[in-house]
Every structure is written in C-alpha cells, then in structure tokens.
Trainee: 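Let me give you the structure first, and then I'll get to my questions.
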Amino acid sequence: KKLKTLCLSLQAKMSRPVHSRRLEGVDKNIWVEFVKLAATYSTVNLGQGFPDFPPPDFLKEALMTALSGENHMLHQYTRAFGHPPLVKILAQFFGKLLGQDLDPMTNVMVTVGAYQALFCCFQAFVDEGDEVIIIEPFFDCYEPMVTMAGGTPVFVPLRPKAPENGKMMSSADWKLDSAELASKFNERTKAIVLNSPNNPLGKVFSQEELELIADLCVKHDVLCISDEVYEWLVYDGKEHIRIASLPGMWDRTVIIGSAGKTFSVTGWKVGWTVGPNRLLQHIRTMHQNSVYHCATVAQEAVAQGFQREFMLYGKPDSYFVQLPKELQKKRDCLVQSLDAAGMKPIIPEGTYFLLADISNFKSDVPDNPNSDEPYDSRFAKWMVKNKGLAAIPLSAFYCTAHKNNYSHFIRFCFAKEEATLKAASDILQKWKQEKTSP
Ligand code: PMP
C-alpha cells in the first residue's frame, strides 16, 4: 500500500513545463536585484527613482478629503477607463498644452502608473513579427514588454561626443546619428518608443531631434509611444517639447504620463495615456481585459492636484514650476560632490537622474576580464556593500548585445532630501581621501 501511495504521489507531481513561452528570457529584473541590495546594505540610497521628501501638502490634503469626506462612493469602483473628474481635467490640461480639443472619454485613459500604460500599448499595438525601435539607454521594461507581445526590439544608441575644452559632459552631448536611426526603419517597423526627458541619461530631446524622429514616423507610417513621465522636470530654462504637437504626429502618438513623477507620489501608481481615439480604443480593450479599474481615491486626489495646477499654470506657486527649481539645486549639489570626488558627472538637462563616470575608480574595484557581468554592475554591487552608497549600473539600460559598450557609468537619483545628498557627499569625500592617502 505504501508503494502504491509513493507511485501515485510521484505520478501526481507535475513534470511538464508550466510557464508560457512568452516568459522565457524576461525573468531577470534589475530593480528586484538592486532594490534588495540597497535594502540590505545601503545607508544612502540614490538607486531607485523616488523622492525621499514629502509630496506637496495640497495633494496629501486632497487624498485625506477623498478618504474621510462625505462622498463615500469614492471608496467604490469608478469608471473603468478613468475617474470622470480626473479624465476631465487631464483632457483640459493636455488639450491646452497640445493646442487640441480633447474629449475626456475617448482621448484620455487612466492606468496603474505609467508602467501599465506602457504594457497596454505594447499589447495593443505589437504583433508577432513587428519591430519596435528603442533608443538606448532606455527604461529597462520596454524590451521585455515588446518581446512578451511577440515583437522584436530594434535598438539604436545615443552616441556620446566628448565636450570641447575640458567642459563637463552634458546629456545633450549624447545624440542620435540620423543615418543610423533612419536605417532601423523598414516595412516591419510598427512603433518607436521615445522617452524624453530620458531615464537614465536625463537627456531632453531637441526640436531638431524630435523632427527627425517625427519625419521618419510619418514616412514609414510608424506609431510613437512617447513616455513623458518626467515632462515637468527640465532644467536651465530648457523646454520639454511634446512630439505629438509636431506635424503629422498627433494621429500616431500615445503620450504616457505619471502622477508618481508629476506630484512626487510614486507609491500611488496613477498614470495615464493621452492620444487619438483610433489608438486609445485599443488601449481601452487591453485595459478592460486585464486591470479594468484603478483605485478611485488616488484618482480623485490627483484630479484635485491637476485642478490646482491648471489654475496656477506657469505661476510661481505652481508645483510644476517649484519642483524643477528645487530639483535643479539638488542636481547641482550632487554634480559638485561627484566632481570633487573624481566621479565625473554628466549634467542632465531633465529627470531626477544623473550618470557618473567610474573610470577613475578601477584601482578600488579591479576589472575582471573573465566575468560576463558588465563592470558597472560589479562596481555598483561593490559600492553598496563596501561604501553603503546605492546606485544603478548604466548597463542595465542597454540590451544584452550592447551592455558591455557602456559599462563605466552608474546612475544616481537626486530627488532626495538635503541630508541624504550630504550623506552621499560625505561618503564620496571620505572615499577620495582614502584613495589619495598612502
Ligand atoms: N517610464 C519611465 C521612463 C520611468 O522612469 C518610470 C518609473 N521609473 C515609469 C515609466 C513608470 O512609472 P510609474 O511609476 O508611474 O508606473
């Protein structure tokens, strides 16, 4: 009897593969790995992109009112494609920015963060055999999201050019080669992903660069998935230009945004898509068959936040004016600390990230030519374990084939309290002293 039970239990054990083919090759995730490392070892975390300062009071108050006010229906489901007050104000706001008359019900859809908006786009538009152009370095989820949809990512790098007369490098020194970009478009190209301002480099694409991309999209009848989550975080008087506003682009562009980045509330996970109904109708189909509905109270509070910003647009009290001002100071502070320590920073024109060159630190963390792991990844792990400072390796933002071409930079997030940035500066300073003293 015992033998029979054993045989049965062996038979009952599943032996066939359980995962779907679309999961093959997409199981590793840089954030899972580096967030864990930072939590275990870091004393100063400039790794993952989130502010450690509080969100604005008006937004917290709006959430409190939504939670404890009289309208108890805010605790129940709302409209699947976006809470009406939120889609209405988003349509008004983006309508003004784009010079378009937007219908809140068909030109805007709310998502669970920009992440879900991206996922919906790739699922809605990409088929087996379709190619999607991704500009490197890129926010890492684009690649697995394209492959999970059955598409093929085609990568084109931004190429750095050393600045003249010993000036510090800027994210503007990283440029697309127009002939190289044009060579990636063909009859299989379905879409291009544009991320301006760009994570991790902080590049804000110029009018000329956007026109180049737009002309190619129009010429080859290609969609543009425009990830603009850092749209308000631009510095030094630079302007964020929306590619959807260029000739021929509105009809083929989906704009993606995030309240997480806009109002410093990454944990709320409220995002949106804005675009023509002929594109958004398919995003709605994807959404209704997966997530269906996003948290009502958070949408209500974000709607209130946008109402306020609509009234104060361009005025000194606007959060969209104040936040970049504050962040520019933080950027300059981190740039100075890194430069003083010999970790050459690339000055970002936008976002709350910057890259720093670690070439001068090879003596502390020697290269290992026999390792498959890119140098910057080993360096970032060593730094968090030995110095308590967390950052993200740039190679994480490249496809496998190109990782080793860009493996001597690490990305720091500077959306941090003054005290956090000071602590990072102290670590770097001490490290420099240890390096220079015999
Ligand atoms: N796109 C980019 C470029 C990002 O950096 C992020 C967040 N790091 C997202 C999308 C995802 O945004 P959310 O948190 O709203 O999902």
Side-chain angles (χ1 to χ4, degrees), residues 29-35 38 45-52 55 59 82 86 90 108-123 132 134-146 153 158 171 191-205 224-234 240 242-243 253-274 283 287 290-291 294-295 298-299 301-302 305-306 327 348-355 390-394 396-398 411-416:
N29 181 296
I30 175 80
W31 306 108
V32 174
E33 188 181 10
F34 274 85
V35 166
N45 186 0
L46 305 190
Q48 204 186 8
F50 62 87
D52 71 349
L59 202 73
L86 181 55
L90 286 172
V108 181
M109 194 193 85
V110 176
T111 54
V112 181
Y115 219 88
Q116 191 223 337
L118 287 162
F119 188 75
C120 282
C121 282
F122 295 121
Q123 289 291 323
V132 177
I134 298 176
I135 300 167
E136 291 180 309
F138 61 93
F139 182 49
D140 63 300
C141 72
Y142 303 155
E143 182 181 7
M145 284 190 187
V146 169
L158 286 163
S171 55
I192 180 166
V193 189
L194 172 69
N195 174 214
S196 180
N198 165 280
N199 173 11
L201 182 58
K203 180 183 172 68
V204 177
F205 284 66
C224 180
I225 299 170
S226 185
D227 180 342
E228 304 184 23
V229 299
Y230 300 104
E231 61 194 318
W232 302 108
L233 309 184
V234 284
H240 168 63
R242 293 174 174 78
I243 197 164
T253 303
V254 177
I255 299 172
I256 293 176
S258 162
K261 310 293 173 179
T262 300
F263 289 115
S264 310
V265 285
T266 58
W268 289 19
K269 292 295 290 186
V270 175
W272 54 83
T273 54
V274 173
I283 297 180
H287 181 73
S290 52
V291 167
C294 309
Q299 292 190 67
V302 172
F306 265 105
L327 284 169
E349 306 153 274
T351 75
Y352 45 48
F353 302 111
L354 65 77
L355 296 177
I392 306 290
L394 175 62
F397 302 88
Y398 282 85
R411 190 200 77 172
F412 290 100
C413 172
F414 55 83
K416 303 293 170 190

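What you see is a predicted model; the values in this text were computed from it and never measured. Whatever order the structure lists them in is the order used to number ligands and atoms, beginning at 1.
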Trainee: Mark yes or no for whether S196, through its side chain, and V204, through its backbone, hold a donor-acceptor pair below 3.5 Å.
Mentor: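 Not confirmed, S196 side chain does not pair with V204 backbone.
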
Trainee: Under the 3.5 angstrom rule, does the side chain of S258 hit a backbone N or O of G260 as a donor-acceptor pair?
Mentor: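 Here the side-chain-to-backbone pair exists.
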
Trainee: Which of these, I256, D227, V112, has its nearest heavy atom closest to atom 2 (C) of ligand 1?
Mentor: D227

Trainee: Once you restrict to heavy atoms under 4.0 Å, what part of Y115 touches ligand 1? Side chain, backbone, both or neither.
Mentor: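 For Y115, the contact with ligand 1 is made by both the backbone and the side chain.
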
Trainee: Indicate, with yes or no, if the rings of Y398 and F138 have centres closer together than 6.0 Å.
Mentor: no

Trainee: How does K261 reach ligand 1, by side chain, by backbone, by both or by neither, if only non-hydrogen atoms under 4.0 Å count?
Mentor: side chain

Trainee: Tell me whether D140 contacts the main-chain N or O of Y142 through its side chain, where contact means a donor paired with an acceptor under 3.5 Å.
Mentor: no

Trainee: Taking distance alone, with no angle check, do V229 and ligand 1 share an N/O pair under 3.5 Å?
Mentor: no

Trainee: Should the proximity of T266 to ligand 1, defined as any heavy atom under 4.0 Å, be assigned to the side chain, the backbone, both, or neither?
Mentor: neither

Trainee: Please compare A114, G271, S196 and report which has the shortest non-hydrogen distance to atom 13 (P) of ligand 1.
Mentor: A114

Trainee: Verify the ring-centre separation between W272 and F306: is it less than 6.0 angstrom?
Mentor: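 Yes: the rings meet the under 6.0 Å criterion.
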
Trainee: Out of Y230, W272, F139, who is nearest to atom 5 (O) of ligand 1 when you count heavy atoms only?
Mentor: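 Looking at heavy atoms only, the winner is Y230.
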
Trainee: Any N/O of N199 closer than 3.5 Å to an N/O of ligand 1?
Mentor: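 Yes, N199 has an N/O under 3.5 Å of an N/O on ligand 1.
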
Trainee: With K416 as the cation and F50 as the aromatic partner, state whether NZ or CZ is under 6.0 Å from the six-membered ring centre and within 45° of the axis.
Mentor: yes

